Amino acid sequence: MGRDTIAEIITSIRNADMKKKGTVRIASTKITEIIVKILLREGFIENVRKHRESNKNFLVSTLRHKRTRERIYKTIFNLKRISRPGLRIYSDYQRIPRILGGMGIAILSTSRGIMTDREARLEGVGGEVLCYIS
């Protein structure tokens with residue numbers, strides 16, 4: 001079976017966030033780079049840099065953690081994979097879900113590229129709902 005790179009990104013970020021790690025290393029592909037850039041632009045990730053190790057490219061992302069007064073880290077990621085290789089979920093632009101009333105984002109794969117739910121509504125295009133981030 002093939003690899004589900006989007007699920008690997010989501011799982012590695014979610015695991016690093018739950019273990020309170022500062023960085024996470026993700027295999028670099030075109031799809032992962034676009035999704036990580038969206039996360040960076042939306043403020044879920046602080047920093048991203050490319051790293052090359054033994055002829056393989058990786059993205060090293062610095063996660064954004066929220067500290068409470070007791071100096072305990074509070075996880076800020078709620079990542080959920082929606083469309084998967086066994087069950088594709090599509091949505092037209094009028095029915096794109098709003099995550100937490102617009103506070104979260106949905107990442108879609110459209111005919112004009114991978115974009116957030118807000119961008120897809122502005123462009124008037126629908127597509128495959130990849131994941132929810134809140």
Side-chain angles (χ1 to χ4, degrees):
M1 295 200 82
R3 293 176 23 178
D4 187 8
T5 57
I6 299 169
E8 288 178 8
I9 297 169
I10 291 171
T11 303
S12 61
I13 291 174
R14 187 185 314 121
N15 290 342
D17 190 45
M18 287 187 334
K19 289 291 185 181
K20 300 165 188 73
K21 293 195 175 195
T23 60
V24 62
R25 194 173 90 166
I26 302 167
S28 178
T29 62
K30 287 182 182 180
I31 294 173
T32 58
E33 287 181 16
I34 293 170
I35 291 175
V36 168
K37 284 180 185 177
I38 289 173
L39 291 175
L40 180 66
R41 187 177 63 229
E42 295 292 326
F44 291 104
I45 292 178
E46 284 184 17
N47 190 10
V48 177
R49 64 181 169 87
K50 271 193 165 180
H51 180 68
R52 186 172 178 88
E53 184 176 305
S54 66
N55 294 333
K56 292 184 182 181
N57 290 328
F58 294 99
L59 295 172
V60 179
S61 302
T62 305
L63 300 179
R64 184 178 301 260
H65 289 286
K66 187 182 207 180
R67 287 185 182 236
T68 59
R69 277 192 259 174
E70 296 84 30
R71 301 185 58 84
I72 299 173
Y73 284 102
K74 182 179 180 183
T75 58
I76 59 169
F77 283 112
N78 185 11
L79 298 161
K80 185 175 182 184
R81 176 81 158 119
I82 302 302
S83 185
R84 49 190 171 90
L87 179 65
R88 304 287 186 186
I89 306 295
Y90 295 95
S91 176
D92 60 350
Y93 80 97
Q94 297 165 338
R95 293 198 173 110
I96 296 173
R98 293 189 189 273
I99 312 304
L100 293 176
M103 296 295 289
I105 62 169
I107 297 179
L108 284 86
S109 175
T110 67
S111 60
R112 297 186 187 165
I114 297 176
M115 58 180 68
T116 65
D117 56 342
R118 282 175 247 141
E119 294 169 345
R121 278 190 211 97
L122 287 175
E123 295 274 334
V125 294
E128 181 182 354
V129 182
L130 298 177
C131 61
Y132 295 156
I133 303 165
S134 58

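Everything numeric here is computed off the predicted structure, so don't read it as measured data.
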Does the side chain of [X] reach to within under 4.5 Å of the side chain of [Y], using non-hydrogen atoms?
X      : Y      : result
Ile114 : Ile38  : yes
Ile133 : Ile99  : no
Tyr90  : Val129 : no
Arg52  : Asn55  : yes

Applying side chain to side chain contact (heavy atoms under 4.5 Å, CB included) to Arg14 and Lys80, what does each step give before you reach the verdict? CA-CA 9 Å; Arg14 187 185 314 121; Lys80 185 175 182 184; 5.7 Å; no
Residues in side-chain hydrogen bond (donor to acceptor under 3.5 Å, both in side chains) contact with [X], at least two apart in sequence or another chain:
X     : result
Arg84 : none
Lys30 : none
Ser28 : Glu33
Asn47 : none

As an exercise, state the distance from [atom1] of [X] to [atom2] of [Y], rounded to the nearest 0.5 Å.
X      : Y      : atom1 : atom2 : value
Cys131 : Ile82  : SG    : CD1   : 8.0 Å
Leu40  : Ile35  : CG    : CD1   : 14.0 Å
Phe44  : Ile13  : CZ    : CD1   : 10.5 Å
Glu123 : Ser111 : CD    : OG    : 9.0 Å
Glu128 : Ser83  : CD    : OG    : 3.5 Å

Please check if Leu79 and Leu63 belong to a single hydrophobic cluster, counting links between Ile, Leu, Val, Met, Phe, Trp and Tyr side chain heavy atoms closer than 4.5 Å.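 Yes: a chain of side-chain contacts under 4.5 Å links Leu79 to Leu63.
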Kindly work out whether a path of hydrophobic side-chain contacts (I/L/V/M/F/W/Y, heavy atoms less than 4.5 Å apart) joins Ile96 to Leu130.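 They do not share one cluster, since no chain of ILVMFWY contacts under 4.5 Å joins Ile96 to Leu130.
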Any donor-acceptor pair under 3.5 Å linking the side chain of [X] with the backbone of [Y]?
X     : Y     : result
Arg49 : Leu59 : no
Thr32 : Thr29 : yes
Arg81 : Ile6  : no

Compare every heavy atom of [Y] with every heavy atom of [X], then report the nearest pair and how far apart it is.
X      : Y      : answer
Arg64  : Ile45  : NH2-O, 4.0 Å
Pro97  : Asp117 : O-OD2, 3.6 Å
Arg98  : Gly102 : CB-N, 4.3 Å
Ala27  : Phe58  : CA-CD2, 3.9 Å
Gly127 : Leu108 : N-CD2, 4.0 Å
Ser61  : Val48  : OG-CG2, 3.9 Å

Kindly give the cluster partners of Met115, where membership spreads through any ILVMFWY side chain lying under 4.5 Å from a current member.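 Under the 4.5 Å side-chain rule, Met115 groups with Val125.
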Is it true that atom CD1 of Ile31 has more than 12 heavy atoms of other residues, nucleotides or ligands lying nearer than 6.0 Å?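 Atom CD1 in Ile31 is not packed in, count stays at 12 or less.
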By side chain to side chain contact (heavy atoms under 4.5 Å, CB included), which residues pair with Arg118, not counting sequence neighbours?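 Residues passing side chain to side chain contact (heavy atoms under 4.5 Å, CB included) with Arg118: Glu42, Ile105, Thr116, Arg121.
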